[in-house]
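As the structure is a prediction and not an experimental result, all values here were calculated from the model.
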Amino acid sequence: MMVRAATAAVILSLTVGLSACRAQTPYLPVERPAPGDTVCGTPICGAEFLAPAFLKLEASGGRGAGRLHILQIGDSHTAGDQISGQVRSRLQARFGRGGRGILPPGLPYAGYAPRQVSVSATGAGYLPAPLIAGGTRVPMGLAGGQGRLEAGDHVSIILDPGVTLTAIGVCGQAGPDRGTLQIVPDIGLPQAIDFRREGAGPVCTEVALAPGTEGLTLVAVGAPVVLDDARLWGEGGLSLSNLGVVGSTLMDLEARDAATVEAQLRADPPDLILLAYGTNEGFDDDFDPQAYEQVLRGRIAWLRAVAPEAALMIMGAPDGLRRGQTAAGPQRWSQSCGSEGEWQTPPGLALVRDVQRRVSEDLGVAFWDWYGRMGGACSADRLAGGGEPLMRGDRVHFSAIGAEWLGDILADDLMATYDGWRASRTGGD
């Protein structure tokens, strides 16, 4: 018994000592790299082209007395909402919470986890628009997919604590065979939106919600309901909507149904549109710069026609790498990265950025040098290393920490650019 007691005492002593040791070595985050230099030497190139959005922000006293809407459209970097979600949080902390913004109408892909809300579906399906590479064009709106609810199916949306919600809007496809969408909030009475119309076509509607609403359920009643998006707004302040499609390119945006997109943009006109395409184009071995430039110019002209009050900013294609060589041989790669050169940069990425930069200057569009801000050449490989990788192992997508880091850089650049613009007008007051 004495031996057992002595052994127990030793174990207890070791356990206490280990606990004390752990308590004395708290987690210290790894210092994040400073933003890299941009191609134009300022945080945002062509900052003067953001004036329409800045004027509205200034008119609200810098606190978003009205609703200021930023709309980001792009590929998987946008769809994940990690980068855009951090930008949203940072800007709302300064300019007021104007709501979560526009969401895809359901669950667009497995693992979908938007910031500020959680979304679940029972019975409701989600039909993604095929990518142009698949050879089929399906008429859909900005979200690049449709929520399809048979009678009785529902989609539930729960807001994170502190996220304001005073109104919900939806855009969907009306027609003689459509049903009614019942909106059931956790506070107040249900409201109904009837999508049964004699003529088929897009319809966007908004209904007010009781203050304090923290969640709601969308239920199809009577017949199927087809939704193009769901819109969560606060009473005033800034909102940032992210509508991205995994694997998409600017060509996919060109394939969106014009009538649906116009209805969506006119329902809640954006004050600033961020175009965040380029990665998938740059990884295409058959990338055609001339064709891409034509599409980019066409999309900018189209957006200006349907959202004439909005400022535009191109988010230049970030750095991205692929492992190994292709059958086409080394000439298909522009640069090798990594300790043994095992990662290579597709040459198309530099061509994409060149087109984006030239077109932004020519058409009076702001340009954010994503590639420069993340560190330039081979930064995707450098950021994937270390104790806390800022990029995933694929050297294309950012880790959660990296997305937060990059979102902070973009938010800081937008706020610094706004402050500089305002100081030039007011003398810094």
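- Ring orientation note: the planes of Trp421 and Phe54 are tilted relative to one another, at an angle of 30° to 60°.
- Annotation: side chain of Phe49 is not in contact with side chain of Ser360 (no heavy-atom distance under 4.5 Å).
- No more than 12 heavy atoms of other residues, nucleotides or ligands lie within 6.0 Å of CD in Gln294, so this atom counts as exposed by the packing criterion.
- Residues Ile70 and Ile273 are not in side-chain contact: their nearest non-hydrogen atoms beyond the backbone lie 4.5 Å or more apart.
- Note on Arg395 versus Glu342: no salt bridge recorded, every NZ/NE/NH1/NH2 to OD/OE distance being 4.0 Å or above.
- Formation of a donor-acceptor pair under 3.5 Å by the Gln191 side chain with backbone atoms of Gln182 is not found in this model.
- Judged by distance alone, the side chain of Thr42 and the main-chain N or O of Ile44 form a donor-acceptor pair under 3.5 Å.
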Go through the steps for Ile73 and Thr78 under the test side chain to side chain contact (heavy atoms under 4.5 Å, CB included), then give the verdict. CA-CA 7 Å; Ile73 316 168; Thr78 298; over 6 Å; no
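- One N or O on the side chain of Thr417 and one on the backbone of Asp413 form a donor-acceptor pair closer than 3.5 Å.
- Pro185 and Leu216 get closest at one heavy-atom pair: CA-CB, 3.8 Å.
- Salt bridge annotation for Glu309-Lys56: absent, with no cationic side-chain nitrogen under 4.0 angstrom from a carboxylate oxygen.
- Atoms CG and CG, from Leu181 and Asp194 in turn, are 10.0 Å apart once rounded to the nearest 0.5 Å.
- At a threshold of 4.5 Å between non-hydrogen side-chain atoms, the residues Ile401 and Leu390 count as touching.
- In terms of heavy-atom proximity, Ala167 sits nearest to Glu206 at CB-OE2, 3.7 Å.
- Here the side chain of Asp319 pairs no donor or acceptor atom with the backbone of Ala377 at under 3.5 angstrom.
- Checking side-chain atoms of Asp408 against main-chain N and O of Trp405 turns up no donor-acceptor pair under 3.5 Å.
- Interatomic distance, CG of Leu240 versus CG of Leu71, reported as 8.0 Å (0.5 Å rounding).
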Side chain to side chain contact (heavy atoms under 4.5 Å, CB included) for Leu274 and Leu272? Distances and angles first, verdict last. CA-CA 7 Å; Leu274 308 179; Leu272 172 60; 3.8 Å; yes
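- For the side-chain hydrogen bond (donor to acceptor under 3.5 Å, both in side chains) with Asp81, the lone residue among Gln86, Arg115, Arg88 that qualifies is Arg88.
- Electrostatic pairing of Asp362 and Arg297 counts as a salt bridge here, judged by a charged N lying under 4.0 Å from a carboxylate O.
- Between Cys40 atom SG and Asp369 atom CG the span is 7.0 Å, to the nearest 0.5 Å.
- Atom CG of Leu218 and atom OG of Ser156 lie 7.5 Å apart (nearest 0.5 Å).
- In summary, of the residues considered (Leu107, Leu103, Val119), a side chain to side chain contact (heavy atoms under 4.5 Å, CB included) with Val155 occurs for Val119 alone.
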Begin with the C-alpha distance, continue with both residues' side-chain angles, and end with the deciding distance and a verdict on side chain to side chain donor-acceptor pair (under 3.5 Å) for Gln173 and Thr260. CA-CA 8 Å; Gln173 298 297 318; Thr260 299; 3.1 Å; yes
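- Although no hydrogens or angles enter the test, the distance criterion places no donor-acceptor pair under 3.5 Å between the side chain of Ser76 and the main chain of Val246.
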Please step through side chain to side chain donor-acceptor pair (under 3.5 Å) for the pair Gln92 and Gln116, ending with a clear verdict. CA-CA 12 Å; Gln92 287 185 339; Gln116 295 191 351; 3.0 Å; yes
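- Between Val184 and Pro190, the shortest heavy-atom contact is CG2-CB, 4.3 Å.
- One N or O on the side chain of Gln356 and one on the backbone of Ala317 form a donor-acceptor pair closer than 3.5 Å.
- With rounding to the nearest 0.5 Å, the separation of CG in Leu189 from CD1 in Ile183 is 13.0 Å.
- For the residue pair Ala366 and Gly46, the shortest heavy atom distance occurs at CB-O, 3.6 Å.
- At a threshold of 4.0 Å, the pair Arg373-Asp412 does not count as salt-bridged, since none of the basic side-chain nitrogens sits closer than that to a carboxylate oxygen.
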Output, in order, the C-alpha distance, side-chain angles, deciding distance and verdict of side chain to side chain contact (heavy atoms under 4.5 Å, CB included) for Tyr418 and Glu58. CA-CA 9 Å; Tyr418 169 71; Glu58 184 183 53; 3.9 Å; yes
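- The aromatic rings of His397 and His77 sit tilted relative to each other, their planes meeting at an angle between 30° and 60°.
- Looking at Leu383 and Pro33, their side chains come closer than 4.5 Å, going by heavy atoms from C-beta outward.
- Between Cys45 atom SG and Glu361 atom CD the span is 8.0 Å, to the nearest 0.5 Å.
- When every heavy atom of Leu91 is checked against every heavy atom of Ala411, the shortest pair comes out as CD2-O, 4.2 Å.
- The two residues Leu149 and Ala124 have their closest heavy-atom pair at CG-CB, 3.8 Å.
- Taking the side chain as every heavy atom from C-beta outward, Leu275 and Ile300 approach each other to under 4.5 Å.
- Around CG of Asp186, the count of heavy atoms belonging to other residues, nucleotides or ligands within 6.0 Å exceeds 12.
- Applying side chain to side chain contact (heavy atoms under 4.5 Å, CB included) to Gln264 and the options Val306, Ile102, Asp228 leaves one that passes, Asp228.
- Two residues are said to be in side-chain contact when any heavy atoms from C-beta on lie closer than 4.5 Å; Ile158 and Val117 fail this criterion.
- Checked against Arg100 for a side-chain hydrogen bond (donor to acceptor under 3.5 Å, both in side chains), the options Asp160, Thr164, Asn242 give a single hit: Asn242.
- Inter-residue side-chain proximity for Leu243 and Pro104 is flagged as met; some heavy-atom pair is nearer than 4.5 Å.
- In this structure, the side chains of Glu254 and Arg299 come closer than 4.5 Å at one or more pairs of heavy atoms.
- The closest donor-acceptor contact from the side chain of Arg358 to the backbone of Arg353 lies at 3.5 Å or more, if one exists at all.
- Ring centroids of Tyr277 and Tyr292 are separated by 6.0 Å or more, keeping the two rings apart.
- The closest donor-acceptor contact from the side chain of Arg256 to the backbone of Asp252 lies under 3.5 Å.
- The aromatic rings of Trp368 and Trp370 sit tilted relative to each other, their planes meeting at an angle between 30° and 60°.
- Side chains of His154 and Thr122: a donor on one and an acceptor on the other come within 3.5 Å.
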In sequence, state the C-alpha distance, the side-chain angles, and the governing distance for Phe283 and Arg322, and then conclude on side chain to side chain contact (heavy atoms under 4.5 Å, CB included). CA-CA 9 Å; Phe283 273 71; Arg322 274 198 301 213; 3.1 Å; yes
Between Glu235 and Thr166, is a side chain to side chain donor-acceptor pair (under 3.5 Å) present by the stated rule, with each step listed? CA-CA 6 Å; Glu235 187 171 358; Thr166 59; 5.7 Å; no
